[in-house]
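Encoded as structure tokens, the structure appears first; notes follow it.
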Amino acid sequence: MNSNPKPTTAIDAPPLAYRTGQAARRRLGSLGALLLAALGGFLATPSYAQDIPTSPSFVDDFKSFDRTRWYVSDGWNNGSHQNCTWSKSMVDLSNGVLSLGFEKQTLKDRDYVCGEIQTKQRFGYGTYEARLKTDTGSGLNAAFFTYIGPSDKQPWDEIDFEVLTKDTAKVQVNAYIAGKGKNEKLVDVPGGTEKAFNDYAFVWQKDSLRWYVNGQLVNTITDPAKLPSHAQKIFFSFWGSDTMKGWMGAFADPGRKLSLQVERVAFTALGEPCQFPESLACSVK
């Protein structure tokens with residue numbers, strides 16, 4: 001046992017001036033949305049071989065919580081399909097691991113609370129990597145994905161890893177272009193998503209999109225009509241649904257607090273050197 005463990009810290013949401021979430025935009029109206037887009041957008045710093053702008057490469061191992069990078073969703077939900085309210089109390093940091101929780105606790109009009117973070121910056125072509133461990137439970141979704149959409153005055157583009165924790169032997173990969181999906185594929189996660197940390201990565205280029213699990217290629221898209229073309233924010237979320245039974249399984253109260261754990265996340269812009277020895281960007285071009 002570590003004789004001097006790091007304290008577990010509930011992460012506070014950043015000040016309103018930095019919030020770029022959809023709820024904040026709704027409250028501030030169209031003028032406020034334009035101001036928030038200016039404050040919370042990406043740094044338009046073109047990278048080598050980039051046709052779309054991107055923020056710089058980074059690695060976050062969660063030794064601390066970088067409030068200049070991350071926005072914490074708090075006090076709202078994504079719609080009637082979601083049975084929990086995003087709460088900053090469900091975002092914790094302990095021993096270099098970020099945890100997003102799901103727990104029975106009434107907040108606003110929901111009986112459960114859940115956790116989500118997203119970057120304030122947007123990122124373009126490159127290698128996206130995260131090291132994750134999930135819990136188990138039917139009716140829950142543990143996700144690592146990128147997204148941009150109408151709340152940022154952009155078309156809806158998205159690239160997904162989603163563990164539907166009713167079956168922790170698999171992860172679903174998917175991509176949305178202009179709000180159109182139907183590119184989903186379930187792929188195996190040897191040993192399961194809940195037994196140990198696994199590495200999930202995708203390499204997004206102008207002419208291809210490739211997903212990897214523990215360094216193994218599991219899916220490829222090359223059809224130009226199915227490739228995102230807008231810089232996106234990076235998200236982690238853990239949430240539940242009472243209504244999406246066909247996809248996520250019938251929800252059942254887990255009877256305890258569950259979590260999605262994130263040990264590391266990294267973005268390496270296209271053409272830039274890899275940033276840590278285990279990075280997929282060191283071996284895959």
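- From Tyr147, atom OH reaches atom CZ of Phe235 across 7.0 Å, with rounding to the nearest 0.5 Å.
- With contacts defined as side-chain heavy-atom distances shorter than 4.5 Å, the pair Ser138/Phe251 does not qualify.
- A donor-acceptor contact shorter than 3.5 Å links the side chain of Gln82 to the backbone of Cys84.
- Cluster membership for Tyr200 and Phe58, using ILVMFWY side-chain heavy atoms within less than 4.5 angstrom, is shared.
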Pairs of donor and acceptor atoms involving the side chains of residues 257-271, under 3.5 Å and at least two apart or interchain, shall be tabulated with distances.
from	atom 1	to	atom 2	distance (Å)
Lys257	NZ	Asp92	OD2	3.3
Glu263	OE1	Arg131	NE	2.7
Thr268	OG1	Gln275	NE2	2.9

*What do the steps show when you test Asn83 against Phe102 for side chain to side chain contact (heavy atoms under 4.5 Å, CB included), and what is the final call?*
CA-CA 10 Å; Asn83 68 359; Phe102 181 94; 3.8 Å; yes

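- With values rounded to the nearest 0.5 angstrom, Asp111 atom CG is found 5.0 Å from Thr106 atom OG1.
- Of the possible polar contacts, none joining the Trp204 side chain to the Ile159 backbone as a donor-acceptor pair under 3.5 Å is found.
- Within the 3.5 Å criterion, the main-chain N or O of Ala225 finds a donor-acceptor partner in the side chain of Asp223.
- Here the shortest heavy-atom pairing between Ala196 and Lys133 reads O-CG, 3.8 Å.
- Looking only at side-chain heavy atoms (C-beta outward), Thr54 and Tyr125 stay at 4.5 Å or farther from each other.
- Two different hydrophobic clusters hold Ile148 and Ile52 under the rule that ILVMFWY side chains link at heavy-atom gaps under 4.5 Å.
- When all heavy atoms of Gly115 and Val91 are compared, the pair lying nearest together is CA-CG2, 4.3 Å.
- Of the N and O atoms on the side chains of Asn78 and Trp239, not one donor lies less than 3.5 Å from an acceptor on the other residue.
- Ring pair Tyr128/Phe123 is perpendicular by interplanar angle, where above 60° counts as perpendicular and below 30° as parallel.
- Judged as a side-chain hydrogen bond (donor to acceptor under 3.5 Å, both in side chains), the pairs with a partner in residues 164-179 (not counting sequence neighbours) are, in order, Thr168-Glu194, Lys170-Asp188, Gln172-Trp247.
- Checked by atom type and distance alone, the side chain of Lys120 pairs as donor or acceptor with a backbone atom of Arg67 at under 3.5 Å.
- Checked by atom type and distance alone, the side chain of Asp207 never pairs as donor or acceptor with a backbone atom of Thr222 at under 3.5 Å.
- Contact of the Asp152 side chain with the Arg122 side chain is registered, since non-hydrogen atoms from C-beta on lie closer than 4.5 Å.
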*Where do Thr127 and Val284 land on the side chain to side chain contact (heavy atoms under 4.5 Å, CB included) test, with the steps shown first?*
CA-CA 9 Å; Thr127 301; Val284 173; over 6 Å; no

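- Using a 30° and 60° split on the angle between ring planes, Phe236 and Phe144 fall in the parallel class, below 30°.
- What you find for Trp70 and Ile234 is that their closest heavy atoms are CZ3-O, 3.8 Å.
- Glu162 and Asp160 make their closest contact through OE1-OD2, 3.6 Å (heavy atoms, listed as atom of the first residue, atom of the second, distance).
- The shortest heavy-atom contact between Ala231 and Pro53 is CB-O, 3.6 Å.
- Note that the CG atom of Leu93 and the CZ atom of Phe65 stand 8.0 Å from one another [nearest 0.5 Å].
- At a threshold of 4.5 Å between non-hydrogen side-chain atoms, the residues Ser237 and Phe145 count as touching.
- Cluster membership check: Val163 shares its hydrophobic cluster with Val187, using side-chain heavy-atom separations under 4.5 Å among Ile, Leu, Val, Met, Phe, Trp and Tyr.
- Hydrophobic clustering (side-chain heavy atoms under 4.5 Å, transitive across Ile, Leu, Val, Met, Phe, Trp, Tyr) groups Val213 together with Leu132.
- Looking only at side-chain heavy atoms (C-beta outward), Asn77 and Lys108 stay at 4.5 Å or farther from each other.
- For the residue pair Ser87 and Ser89, a side-chain donor N or O sits within less than 3.5 Å of a side-chain acceptor on the partner.
- Of the possible polar contacts, none joining the Thr193 side chain to the Thr134 backbone as a donor-acceptor pair under 3.5 Å is found.
- Rounded to the nearest 0.5 angstrom, Met90 CE and Cys114 SG are separated by 9.0 Å.
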*Decide yes or no on side chain to side chain contact (heavy atoms under 4.5 Å, CB included) for Arg256 and Asp135, but give the supporting numbers first.*
CA-CA 11 Å; Arg256 62 184 178 91; Asp135 228 312; 2.8 Å; yes

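- Under the 4.5 Å side-chain criterion, counting only non-hydrogen atoms from C-beta, Glu278 is in contact with Phe276.
- Using a 4.5 Å heavy-atom threshold, the side chains of Trp76 and Thr85 count as separate.
- No single ILVMFWY cluster, assembled from side-chain heavy atoms under 4.5 Å apart, contains both Phe197 and Val189.
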*Go through the steps to decide whether Asp74 and Trp86 satisfy the test side chain to side chain contact (heavy atoms under 4.5 Å, CB included), and finish with yes or no.*
CA-CA 5 Å; Asp74 184 56; Trp86 301 126; 5.7 Å; no

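- Between Gln232 and Thr146, the side chains place a donor N or O and an acceptor N or O closer than 3.5 Å (distance only, hydrogens not considered).
- Residues Leu209 and Pro228 meet the side-chain proximity criterion, which asks for heavy atoms closer than 4.5 Å.
- Between Glu116 and Gln118 the shortest heavy-atom distance is OE1-NE2, 4.1 Å.
- The main-chain N or O of Trp211 is never found under 3.5 Å from a side-chain atom of Asn219 such that the two would form a donor-acceptor pair.
- Distance alone, capped at 3.5 Å, is enough to place a donor-acceptor pair between the Lys185 side chain and the Val218 backbone.
- Ile117 CD1 to Phe62 CZ: the interatomic distance, rounded to the nearest 0.5 Å, is 4.5 Å.
- Counting heavy-atom neighbours within 6.0 Å of Gln216 CD, excluding the residue itself, gives a total of 12 or less.
- At least one donor-acceptor pair closer than 3.5 Å links the side chain of Glu129 to the backbone N or O of Leu280.
- To the nearest 0.5 Å, the span separating CD1 on Ile177 from CD on Glu158 amounts to 10.0 Å.
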